[in-house]
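Numbered from 1 within each chain, the chains take letters A, B, ... in sequence-line order. Bear in mind the structure is a predicted one, so any value in this text is a computation, not a measurement.
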Number of protein chains: 2
Amino acid sequence: MGITKTEHFTDKQNAIAVMAKALGHPARIAIVEYLLKVDACICGDIVNELPLAQPTISQHLKELKSAGIIKGSIEGNAICYCIDEKAIDKLRNYFDAISVKIEKKKSNCC
Amino acid sequence: MGITKTEHFTDKQNAIAVMAKALGHPARIAIVEYLLKVDACICGDIVNELPLAQPTISQHLKELKSAGIIKGSIEGNAICYCIDEKAIDKLRNYFDAISVKIEKKKSNCC
DNA sequence: TAACTATATTGCAATATTACGATGAAGATT
DNA sequence: AATCTTCATCGTAATATTGCAATATAGTTA
């Protein structure tokens with residue numbers, strides 16, 4: 001197999017999973033953190049920051065983009081990537097909600 | 001390849017990535033949501049709830065456990081799984097921090 | 001326009017993931 | 001003790017991911 005049975009789950013579950021999966025790699029976490037660190041979102045130097053080859057970075061950027069975590073705009077012959085706040089908000093709200101639910105339960109057997 | 005170069009990244013980056021990766025599958029999101037929904041964390045009926053075979057569920061539970069998202073305790077011949085609040089808190093804090101940083105910047109080019 | 005720069009795509013090898021049937025292990029029930 | 005129930009593990013097939021060298025694409029500059 002190796003194929004995920006997305007059709008059995010809700011759109012929301014799939015949406016969260018897609019975003020989480022995109023962040024499920026340390027290089028992609030490092031990219032996100034780098035985009036946060038630099039003041040303007042002038043990119044491309046990501047390749048110089050990370051110990052990975054340019055095609056590998058490009059591929060990770062593509063995955064982050066297709067998951068909606070970052071967005072890119074053309075800036076001359078370079079490309080300016082930056083974090084898409086909406087995606088982060090969705091994740092934040094999701095984990096906030098889980099925390100609240102856990103807090104409410106606290107009946108706990110484990 | 002197919003092998004992630006974890007050694008090039010910080011422990012924190014790897015830790016977040018491991019948790020995100022564990023949640024990067026809709027079945028595992030569904031499991032977490034089910035554990036939140038049921039009042040007591042009596043499990044095993046997860047298999048009845050989800051459209052996946054028992055070995056598949058077992059494998060997903062193992063991954064969630066090894067990522068620290070859930071913990072399990074033996075309850076007779078059944079096993080009681082529940083969410084580990086600490087992991088959720090870590091994720092929540094992480095995305096909160098990112099949100100704050102995005103908010104502070106707002107210089108934004110894209 | 002030719003060369004340069006920045007990023008994307010292609011193609012490939014190595015490894016990981018997903019899924020499940022068959023089977024195993026351990027406590028519960030009869 | 002034999003059986004049942006519950007969950008884990010093994011083995012295997014199909015597919016996905018990771019990483020990079022080579023190459024392509026597109027804007028920029030000389």
Side-chain angles (χ1 to χ4, degrees), chain A residues 1-9 13-14 17-18 20-31 34-35 38 40-67 70-82 109-110, chain B residues 1-9 13-14 17-18 20-31 34-35 41-67 70-82 109-110:
Chain A
M1 300 277 147
I3 189 165
T4 295
K5 293 192 161 181
T6 54
E7 71 274 15
H8 293 313
F9 304 100
Q13 286 169 338
N14 280 309
V18 163
K21 189 177 186 180
L23 294 172
H25 191 293
R28 293 195 288 264
I29 290 289
I31 289 172
Y34 181 71
L35 291 182
V38 292
C41 50
I42 308 148
C43 313
D45 15 47
I46 300 174
V47 175
N48 301 319
E49 276 284 308
L50 299 189
L52 293 169
Q54 180 266 325
T56 308
I57 302 281
S58 185
Q59 199 173 291
H60 282 310
L61 287 168
K62 190 179 175 184
E63 275 175 66
L64 283 170
K65 196 174 171 189
S66 86
I70 62 174
K71 49 191 173 174
S73 59
I74 297 167
E75 198 94 358
N77 76 347
I79 292 192
C80 163
Y81 280 112
C82 58
C109 37
C110 334
Chain B
M1 301 274 146
I3 190 166
T4 296
K5 293 192 159 179
T6 54
E7 70 275 15
H8 293 312
F9 304 99
Q13 286 170 338
N14 281 310
V18 163
K21 189 176 184 179
L23 293 172
H25 191 291
R28 294 195 288 265
I29 291 288
I31 289 173
Y34 181 72
L35 291 182
C41 50
I42 308 149
C43 311
D45 14 48
I46 299 174
V47 176
N48 300 320
E49 276 283 309
L50 299 189
L52 293 168
Q54 180 268 324
T56 307
I57 302 282
S58 187
Q59 200 174 289
H60 283 309
L61 286 168
K62 191 180 175 184
E63 276 175 65
L64 283 170
K65 196 175 171 186
S66 85
I70 62 174
K71 48 192 174 173
S73 59
I74 297 167
E75 198 93 359
N77 76 345
I79 292 192
C80 162
Y81 280 113
C82 56
C109 39
C110 336

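Aromatic ring orientation, B:H25 versus A:F9: perpendicular (interplanar angle above 60°, classes split at 30° and 60°).
The distance between atom NE2 of A:H8 and atom P of C:dT18, rounded to the nearest whole Å, is 15 Å. To the nearest angstrom, C1' of C:dA6 lies 14 Å from CD1 of A:I57. If you take CD of A:Q59 and P of C:dA13, they are 16 Å apart, rounded to a whole angstrom. The CD atom of B:E75 sits 19 Å away from the P atom of C:dA26 (whole-angstrom rounding). Taking atom CD on B:E63 and atom C1' on D:dA8, their separation rounds to 14 Å, with Å as the unit. Between the P atom of D:dC20 and the CG atom of A:L50 lies a distance of 11 Å, rounded to the nearest Å. Across the protein-nucleic acid pair, A:Q54 atom CD and D:dA24 atom P stand 15 Å apart, rounded to whole Å. The CG atom of B:D45 sits 9 Å away from the P atom of D:dT6 (whole-angstrom rounding).
Note on B:Y81: every side-chain N or O is 4.0 Å or more away from OP1 and OP2 of D:dT6. Between A:K5 and C:dC20, a side-chain N or O to OP1/OP2 separation shorter than 4.0 Å is present. Residue B:K21 has no polar side-chain atom (N or O) positioned under 4.0 Å from OP1 or OP2 of D:dT17. Between A:H60 and D:dG19 there is a side-chain N or O to OP1 or OP2 distance below 4.0 Å.
Residue-to-nucleotide proximity on DNA chain D shows that, of B:K65 and A:T56, the 5′-proximal contact is made by B:K65. Nucleotides of DNA chain D nearest to A:I74 and A:P55 differ in position, and the one nearer the 5' end is that of A:P55. When each of B:N77 and A:N77 is assigned the nucleotide of DNA chain C with its nearest heavy atom, A:N77 is the one assigned upstream, toward the 5' end.
The side chain of A:S58 has C:dT9 as its nearest neighbour among C:dA6, D:dC20, C:dT9. Listed nucleotides C:dT15, C:dT7, D:dT15 differ in distance to B:I3; the shortest reach to its side chain belongs to C:dT15. Here C:dA8 is the nucleotide among C:dT18, D:dG27, C:dA8 with the atom lying nearest to any side-chain atom of A:L61.
With hydrogens and angles disregarded, a donor-acceptor distance shorter than 3.5 Å links the side chain of A:R28 to the backbone of A:A22.
Atoms CG and CD1, from A:L64 and A:I31 in turn, are 5.5 Å apart once rounded to the nearest 0.5 Å.
Within 4.0 Å (heavy atoms only), B:T4 reaches sugar-phosphate atoms of the nucleic acid but no base atom.
What you find for A:A27 and A:L50 is that their closest heavy atoms are O-CD1, 3.9 Å. B:A17 and A:I29 make their closest contact through CB-CG1, 4.1 Å (heavy atoms, listed as atom of the first residue, atom of the second, distance).
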